[in-house]
Amino acid sequence: MMNSHDFRKYAHQFVDWMADYLENIDQRPVKPNLKPHSIYQKIPDLPPQKSQSMQEIFDDFRNIVMPGVTHWQSPNFFAYFPANASYPSVLAEMLTATLGAQCMIWETSPAAAELEEKMMKWLIALLGLPEKFTGVIQDTASTATLTAILTAREQATGWKCNRSGFDGRQRFRIYCSNQAHSSIDKAVAIAGFGKENLVKIDVDDKLRMSSLHLKRAIQKDIASGFSPLCVIATLGTTSTTAIDPLSAIARVCKEFSLWLHVDAAFAGTALALPEYRWMIEGVDNIDSFVFNPHKWMFTNFDCSAYFVRNKDILIKTFEILPEYLKTGMRGKVNDYRDWGIQLGRRFRALKLWFVLRNFGVEGIQERLREHIRLASLVADRVMHAANFEMMTERTLNLVCFRYHPVEISDEAQLDRLNELLLSKLNEGGKLYLTHTRVKGQYSLRLVIGQTYVQRLHVEKAWQTILETSKSFQL
Ligand code: PLP
């Protein structure tokens, strides 16, 4: 077994490897081209009986694992939404792993609880959220949204659902736009409402939820005997970063006394820029809000910041007190196990503290503005290219576009052409993009959000897209 001497030796060796990896990451193919199970087959079916040396394990990490890794921190990674990281965040994660603290209650690590409380205040200030809000770190936006829906359910049933389950007298309805993230469908199913009771509201030409259609849907449901419960507005939809009109939606929610949850998983980070605060006009009237520092705020996965207007309702929904978790400090401090679904919690506030201090607000703003500027540069290239077109207006750092040779007008053919272009681009390893459908049309998504991405990576990516598009025919 490893001793402290070997731990020190390998820790130094690993840090050198980590620094080299991050320094040269743009030289690697972003995504491996592997047959399914090829890594699995290289791993023995049973664990070793005898201890193996760290050197042997590390060699296998380099030879077996690394060829199967998708390099999310590569500046050539333009797929999905980023799960970006940064040097200060990685350093904090090393310390977090070393402490190995389980931060379920204040007693189990007072520093973790108190740093989390303060970091949530820092984020409120950074994003311009109402000062009366209170925050807690969750693992993901999916969990935070489920937490919001469960809290809305309990408040509406006077905490009866927690006690005795659904009584079948009310059929609750939940509303989001038809562009909202699939984590909402999942949360509605898990919370016991039934996916059929998630009402998908039509969007306008910019793919934003229509508050008029929302109001009509609610009125129709009430007339049909349903009980409207909760609305989820999205700031920055996954397909196209459409921004739902929050203040109009908040007015509808107020009129019908509905819980309003805001899913700003990706775009929430942009609120660090005063010029994007228009997105949260009406925020005083929302009930809960989630955004992921682990997406675009340089903080390693996982770290999702969840804010509520009324923390007492949240705690009343999730608190449970077995004898073995009773402490004398209860009520005087934050026991975060009562603020969500999981009991055991990692010390995630530490990496936020490191990131916010090492970047500083200005450093974060500078990076975000640069990402948005680079995205506008790509959008410009697309608009000026003869055979390409934008599929939506760019709002932040996502460019949604497609290859459209002038001689092709058949939509099915254009879909196939873009599907093929995407697979050729991703097979090449020089960049990684993903796709979506915009109004039914197959579209490529290019997101510029990797922490250390520079103009040269973006220019190279655009050149690769242009060259690849010319290199094949249907
Ligand atoms: N909401 C939106 C708008 C998203 O884009 C995503 C993921 O990309 C999620 C929620 C889910 O995020 P998480 O992986 O943190 O659950």
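Atoms within each ligand, like the ligands themselves, are counted from 1 in listed order. For clarity, every value in this text was computed on a predicted model and none was experimentally measured.
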Q: Give the contacting part of A265 toward ligand 1: side chain, backbone, both or neither, where contact means a heavy-atom distance below 4.0 Å.
A: side chain
Q) Could R173 and F226 be counted as a cation-pi pair, given that NZ or CZ must be under 6.0 Å from the ring centre and within 45° of the axis? A) yes
(Q) To the closest 0.5 Å, what do you measure between OH (Y276) and CG (L235)? (A) 13.0 Å
Q: Give the residue and atom name of whichever protein heavy atom lies nearest to atom 8 (O) of ligand 1, and the separation in Å to one decimal.
A: K295 CE, 3.1 Å
Q | Heteroatom distance test (G236, ligand 1): nitrogen or oxygen, under 3.5 angstrom | A | no
Q | Of the listed options H294, Q179, H181, closest to atom 6 (C) of ligand 1 (non-hydrogen atoms) | A | H181
Q. Would you say N292 has any N or O atom under 3.5 Å from an N or O of ligand 1, going by distance alone?
A. yes
Q) With no hydrogens and no angle check, is any side-chain donor or acceptor of N334 less than 3.5 Å from a backbone partner on A113? A) no
Q: May I ask you to establish whether K295 and F266 are in a cation-pi arrangement, using a distance under 6.0 Å from NZ or CZ to the six-membered ring centre and at most 45° from the ring axis?
A: no
Q. Numbering the atoms of ligand 1 from 1, which are under 4.0 Å from a heavy atom of S183?
A. 10 (C)
Q | Test side-chain hydrogen bond (donor to acceptor under 3.5 Å, both in side chains) applied to T241 and N397, T392, T234, T395, the passing residue | A | T395
Q. Considering only the protein, which heavy-atom contact is closest to atom 16 (O) of ligand 1, and what is its distance?
A. S142 OG, 2.5 Å
Q.
Counting only nitrogen or oxygen atoms and a 3.5 angstrom limit, does D263 reach ligand 1?
A. yes
Q | Face-on cation placement of R445 at F81 ring, 6.0 Å and 45° thresholds | A | yes
Q | Where ligand 1 meets F81 - atom numbers and elements under 4.0 angstrom, heavy-atom basis | A | 5 (O), 8 (O)
Q) When rounded to the nearest 0.5 angstrom, what distance separates CE in M120 from CD in E116? A) 6.0 Å
Q) Looking at atom 5 (O) of ligand 1, what's its closest protein heavy atom, distance included? A) T238 OG1, 2.8 Å
